[in-house]
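Take a look at the structure set out below.
Atom set for the values below is all heavy atoms of this structure, side chains included, hydrogens, waters and symmetry mates excluded.
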Amino acid sequence: MPDEPYEPERAIAGTGMGGQMDLAASEAVTLEKMPRGPDGTERPAGRPRSLWSDAWHDLRRNPVFLLSGLVILFLVVISLWPSLIASGNPLHCDLAKAQEGSQAGHPFGFNGQGCDVYTRTVYGARTSVAVGVCATLGVAVLGSVLGGLAGFFGGVWDALLSRVTDVFFAIPVVLGGLVLLSVVTSNSIWPVIGFMVLLGWPQISRIARGSVITAKQNDYVQAARALGASNSRMLLRHIAPNAVAPVIVVATIALGTYIALEATLSYLGVGLKPPSVSWGIDISAASPYIRNAPHALLWPSGALALTVLAFIMLGDAVRDALDPKLR
C-alpha cells in the first residue's frame, strides 16, 4: 500500500485526556495544554512552580499581607533606629509636666512621672520586637529539631517527647512566669526570652513532629531510602524543606503572642523592670492615672494592640498561601 502524504490536519487526534497526539510521528508525542497558575491564568510550559514560589505569588497580591508587612517593616525600622522619628530621651522625665496633655514637640503628652509618652512609645517598640523575634527564633529552632527528630526516628524518643510536652502543656503560662521570673533579678530581656522558649517549644515540636511523620511517608522519601540515602540526607534534603511550612505559619502567628506575653509579664512586675522601656511597663505605670491622664495609657496600649494584630494578620496570610487546601 503506497504511503499517503502527511497531512497535519488529519494526523492530529484528541487523546481524550486533555492533550493531543501526533498519529503520523514515529513516536507518540502528547501536546499538553499550558499549565495554569493559582490565579487561573495560563503560563508558559517549563519548570513547574514550587510551593514557595506559588506562595510568594499569592502573597504579593494579598492586601492583608501587604498591609501587615508595611506595619511590621515600620516597626522594625523604628526598633533599629528610633531616633529617626523620636529625638528625645525616653528616660528623661520632668515632674512639673506630669499628666499634661499634648503640646508642641510632645504630641502624646506626658505620663504620671513627667516622661514624654511619644518618645517612650517609640523606644518601647525596640524591646517588644526584640523579645518577640528572639523568642520566636528560639522556640522554632528548639521545637523543630526535637519534634522533627522524634517524628523521623519514632520509637522510645517519640514516646518520651510526647510525655514531656504533656507536662509542659499542663503549666499555665502566666502562672509559670510569675513563679519563675519572680526570682530573677536581672534587668535584661534574656530571662524573659528564656522563659518563653522554655514554655513555647512544645507547641512547635508537636507541629514539626506531625509534619515530619506525614512527609516521610511520601514516595520520594521512600525512593531515597531505597537508594541508600543516609538519615541526615533524607532529613535535610527531602523531609525538612517539605515539612517546614506549618512551622513557619505557627511561628509567625506566635510572634505576636510573645510580644503580648512580654507586655503582660512586665505589667505584672515580673518581666522587664524600670529603667527598661517597655509598653507593658508604661501601661502598668499609667493604670493608676487612667481618669486624670488617659492618654498615657492609650498610646502604648494602642501600639501594642496594633503590633500584635499586624503579626497575627501576617501569619494568617502566610497560612492561606502555604496551605494548598485553602486555595
### Query
How about Ile290: does its CD1 atom have over 12 heavy atoms from other parts shown lying under 6.0 Å from it?
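At most 12 heavy atoms, drawn from other residues, nucleotides or ligands, come within 6.0 Å of this atom.
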#### Entry: Asp219 CG: over 12 foreign heavy atoms closer than 6.0 Å
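12 or below, so no.
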Could you give the distance from [atom1] ([X]) to [atom2] ([Y]), rounded to the nearest 0.5 Å?
X      : Y      : atom1 : atom2 : value
Ser186 : Leu181 : OG    : CG    : 10.5 Å
Cys134 : Ile193 : SG    : CD1   : 4.0 Å
Trp157 : Ser162 : CH2   : OG    : 13.5 Å
Leu227 : Gln222 : CG    : CD    : 11.5 Å
Asp54  : Asp58  : CG    : CG    : 6.5 Å
Ser301 : Tyr267 : OG    : OH    : 9.0 Å

### Task
Would you please indicate if the ring centroids of Trp201 and Phe168 are separated by under 6.0 Å?
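Ring centres of Phe168 and Trp201 closer than 6.0 Å.
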Report yes if the side chains of [X] and [Y] come closer than 4.5 Å at any heavy-atom pair, otherwise no.
X      : Y      : value
Cys115 : His92  : no
Leu161 : Leu146 : yes
Thr307 : Ser128 : no
Phe153 : Asn231 : yes
Arg319 : Asp316 : yes

Judged by atom type as modelled, is there a donor-acceptor pair below 3.5 Å linking the side chain of [X] to the main-chain atoms of [Y]?
X      : Y      : value
Ser287 : Ile283 : yes
Ser211 : Ala243 : yes
Ser144 : Val141 : no
Thr127 : Val277 : yes
Asp320 : Ala317 : no
Asn111 : Gly114 : yes
His295 : Glu100 : yes
Ser284 : Gly280 : no
Asn89  : Leu91  : yes
Trp279 : Thr121 : yes

Hydrophobic cluster membership, with links at side-chain heavy-atom distances under 4.5 Å among I/L/V/M/F/W/Y: are [X] and [Y] in one?
X      : Y      : result
Trp299 : Val129 : yes
Ile207 : Val145 : no
Leu272 : Val179 : no
Val250 : Val64  : no
Phe74  : Tyr123 : no

For the residue pair [X] and [Y], what are the closest heavy atoms and their distance?
X      : Y      : answer
Ala125 : Ile78  : CB-CD1, 3.9 Å
Val139 : Gly200 : CG1-O, 3.4 Å
Ala135 : Val197 : O-CG2, 3.9 Å
Phe110 : Lys97  : CB-O, 3.2 Å
Ala260 : Leu304 : CA-CD1, 4.3 Å
Val71  : Ala310 : CG1-CB, 3.8 Å

### Message
Show, in sequence, the C-alpha distance, side-chain angles and deciding distance for Glu262 and Leu265, and conclude whether the side-chain contact (heavy atoms from CB on, under 4.5 Å) test is met.
### Response
CA-CA 5 Å; Glu262 179 273 323; Leu265 295 175; 6.0 Å; no
### Task
Could you verify whether a donor N or O on one side chain and an acceptor N or O on the other, from Asn187 and Ser276, lie under 3.5 Å apart?
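Short answer, yes.
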### Task
For the residue pair Ser232 and Ser230, confirm or rule out a side-chain donor-acceptor distance under 3.5 Å.
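Short answer, yes.
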### side-chain contact (heavy atoms from CB on, under 4.5 Å) evaluation trace for Ile72 with Val76
CA-CA 6 Å; Ile72 292 172; Val76 171; 4.3 Å; yes
#### Entry: side-chain contact (heavy atoms from CB on, under 4.5 Å) evaluation trace for Phe152 with Ile213
CA-CA 6 Å; Phe152 181 77; Ile213 290 176; over 6 Å; no
#### Entry: N-O pairing of Asp166 and Arg206 below 4.0 Å
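So Asp166 pairs with Arg206 through a salt bridge.
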### Message
Pair Asp116, Tyr118 - check side-chain hydrogen bond (donor to acceptor under 3.5 Å, both in side chains), show working.
### Response
CA-CA 6 Å; Asp116 184 18; Tyr118 172 76; over 6 Å; no
### Task
Show the numbers, then the answer: is there a side-chain contact (heavy atoms from CB on, under 4.5 Å) between Leu66 and Arg60?
CA-CA 7 Å; Leu66 297 178; Arg60 288 181 299 175; 5.6 Å; no
### Message
In terms of relative ring orientation, are Phe65 and Trp56 parallel, tilted or perpendicular, with 30° and 60° separating the classes?
### Response
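Correct class here is perpendicular.
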